[in-house]
Amino acid sequence: MTHLFRAARQNRIFQDVVEQIQEAIIDGQLKVGDRLPAERDLKEMLQTSRSTLREALRVLEQKGLIEIKLGMGGGAVVKKVTSDLVAESLDLLIRSNQVSLKHIAEFRERVEGDVVWLATSRLTKSDIDELEKLLDDSRQCLARGVEGVPDFLTADQHIHQYFAKITGNPIYISLFKTIHNNIRRYFDELLFKEESEMRENLQDLESVVAAMKKGDADTACKIVRTHVRRFNDYMEIREQQRKAG
């Protein structure tokens, strides 16, 4: 790894250290599980101070690119890039009231419609089988009544995320995982207080899948957009009632 890094530009040394290591990871010169050179070697390669190097490594750790292990055999190890930090950032936005239910619904209505449309064009027999299995899981939760609400919400989440998986597009897959993981708390608090509402939700999803199986992407897209809008309206009404009460 002698020639892995060059001396950092002195006029922007901290930023340059972060960028060099980041690019080495992104370009595949450093792979998942690889250990970065020892601190003294990195200091020599980059011609930087210990404090600057350690701060740069902390930034890379916060980005989720490396993990800093302590003790004997420790050091900075390259991690697999995931959507976890995106999810955490969105979670902070939601918790700090910078993202409202309306914002989430507006995003979901457009993007989920597009995803379902695309998924319909790429649907395979195995995808149909998996969607039917997920719908059946939802039916079993519904049969348990209000007691089955938590599991019903999980089944609903799996169906929406599977729509994204069908597209084969990692951006959609990551976005859907992030969105649905972060809006679960709204669902837990504001949805499915009655069995009739669970049944309505399930019927919407059954209609979406039926349209997808027929290859009718436009209808599937329209149903899922209406579904998102309607259930968001339910949540907004209950949120307002809770604040008023």
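Note: hydrogens, waters and symmetry copies are ignored here, and every other heavy atom, side chains too, is used.
Leu142 approaches Met198 most closely through the heavy-atom pair CD1-CB, 3.6 Å. When all heavy atoms of Arg184 and Pro150 are compared, the pair lying nearest together is NH2-O, 3.0 Å. The heavy-atom pair separating Pro170 from Gly168 by the smallest distance is CD-O, 3.4 Å. Scanning all heavy atoms of the two residues, the minimum distance from Arg225 to Gly113 falls at NE-CA, 3.6 Å. Ile66 approaches Leu36 most closely through the heavy-atom pair CG2-CD1, 4.4 Å. When every heavy atom of Arg35 is checked against every heavy atom of Val77, the shortest pair comes out as NH1-CG2, 3.6 Å.
Residue pairs meeting the ring-ring contact (aromatic ring centres under 6.0 Å, His included) criterion with at least one member in residues 40-82, sequence neighbours excluded, do not occur.
Between Ile21 atom CD1 and Leu57 atom CG the span is 5.0 Å, to the nearest 0.5 Å. To the nearest 0.5 Å, the span separating CD1 on Ile128 from CG on Leu135 amounts to 11.5 Å. Taken to the nearest 0.5 Å, the OG atom of Ser138 stands 3.5 Å off from the CD1 atom of Ile159. Residue Leu101 holds its CG atom at 5.0 Å from OH of Tyr186, rounded to the nearest 0.5 Å. Within the model, atoms CD1 of Ile223 and CD of Gln203 stand 12.0 Å from one another, a figure rounded to the nearest 0.5 Å. We find the OH-OG1 distance between Tyr162 and Thr167 to be 11.0 Å, quoted to the nearest 0.5 Å.
Glu112 and His180 are linked by a side-chain donor-acceptor pair at a separation below 3.5 angstrom, with hydrogens and angles left out of the test. Residues Glu106 and Asn232 bring no donor and acceptor atom of their side chains to less than 3.5 Å of each other. Side-chain N/O atoms of Gln140 and Asp136 include a donor and acceptor closer than 3.5 Å. No side-chain N or O of Asp129 forms a donor-acceptor pair with one of Ser126 less than 3.5 Å apart.
Between Arg58 and Glu61 there is no salt bridge, since no side-chain N of the basic residue sits under 4.0 Å from a carboxylate O of the acidic one. Taking the charged nitrogens against the carboxylate oxygens, Lys102 and Glu239 have no contact shorter than 4.0 Å, which rules out a salt bridge. Ion pairing between a basic and an acidic side chain is recognised when a charged N comes within 4.0 Å of a carboxylate O; Arg238 and Glu189 show no such pairing.
Under a cut-off of 6.0 angstrom, the local environment of CZ in Arg110 is sparse, with at most 12 non-hydrogen atoms contributed by other residues, nucleotides or ligands. Other residues, nucleotides and ligands contribute only 12 or fewer heavy atoms inside 6.0 Å of the CZ atom of Arg40. Lys43 NZ: more than 12 foreign heavy atoms inside a 6.0 Å radius. For CD of Glu197, the number of neighbouring non-hydrogen atoms (other residues, nucleotides, ligands) closer than 6.0 Å is greater than 12.
Ile171 and Trp117 fall into different hydrophobic clusters, where Ile, Leu, Val, Met, Phe, Trp and Tyr residues are linked whenever their side-chain heavy atoms come under 4.5 Å apart, directly or through other members. Residues Val115 and Ile173 fall into different hydrophobic clusters, defined by Ile, Leu, Val, Met, Phe, Trp and Tyr side chains chained together at heavy-atom separations under 4.5 Å. Criterion: ILVMFWY side-chain heavy atoms under 4.5 Å apart, direct or through other members. Under it, Leu153 and Val146 are part of a common hydrophobic cluster. Leu175 and Val228 end up in different hydrophobic clusters when Ile, Leu, Val, Met, Phe, Trp and Tyr side chains are linked at under 4.5 Å.
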**Request:** Begin with the C-alpha distance, continue with both residues' side-chain angles, and end with the deciding distance and a verdict on side chain to side chain contact (heavy atoms under 4.5 Å, CB included) for Leu191 and Met235.
**Result:** CA-CA 6 Å; Leu191 279 184; Met235 288 192 290; 3.6 Å; yes

**Request:** Applying side chain to side chain contact (heavy atoms under 4.5 Å, CB included), run through Asp216 and Thr120 and close with a yes or a no.
**Result:** CA-CA 7 Å; Asp216 190 346; Thr120 302; over 6 Å; no

**Request:** Evaluate the salt bridge (Lys or Arg N to Asp or Glu O under 4.0 Å) criterion for residues Asp137 and Lys133: first the C-alpha distance (whole Å), next the side-chain angles of each, then the deciding distance (0.1 Å), finally the verdict.
**Result:** CA-CA 6 Å; Asp137 290 343; Lys133 178 184 177 297; 3.6 Å; yes

**Asked** Are Glu200 and Arg230 close enough, and set up right, to give a salt bridge (Lys or Arg N to Asp or Glu O under 4.0 Å), and what steps lead you there?
**Response** CA-CA 11 Å; Glu200 181 182 350; Arg230 182 167 8 96; 2.6 Å; yes

**Message:** Using the rule given for side chain to side chain contact (heavy atoms under 4.5 Å, CB included), can you reason through Glu55 versus Thr48, listing the C-alpha separation, both sets of side-chain angles and the distance that settles it, and then say yes or no?
**Reply:** CA-CA 11 Å; Glu55 185 60 29; Thr48 186; over 6 Å; no

**Request:** Give the C-alpha distance, both sets of side-chain angles, the deciding distance and a yes or no for side chain to side chain contact (heavy atoms under 4.5 Å, CB included) between Leu131 and Met212.
**Result:** CA-CA 10 Å; Leu131 286 171; Met212 292 173 70; 4.3 Å; yes

**Prompt:** Can you list the steps and then say if Arg229 with Glu109 is a salt bridge (Lys or Arg N to Asp or Glu O under 4.0 Å)?
**Reply:** CA-CA 7 Å; Arg229 191 183 316 124; Glu109 188 178 332; 2.7 Å; yes

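Note: Phe152 and Phe192 have perpendicular aromatic rings, judged against thresholds of 30 and 60 degrees for the angle between ring planes.
The backbone N or O of Lys31 sits less than 3.5 Å from a side-chain atom of Asp34, completing a donor-acceptor pair.
Qualifying ring pair (Phe, Tyr, Trp, His ring centres under 6.0 Å) partners for Tyr234, counting only residues two or more places apart in sequence or in other chains: Phe231.
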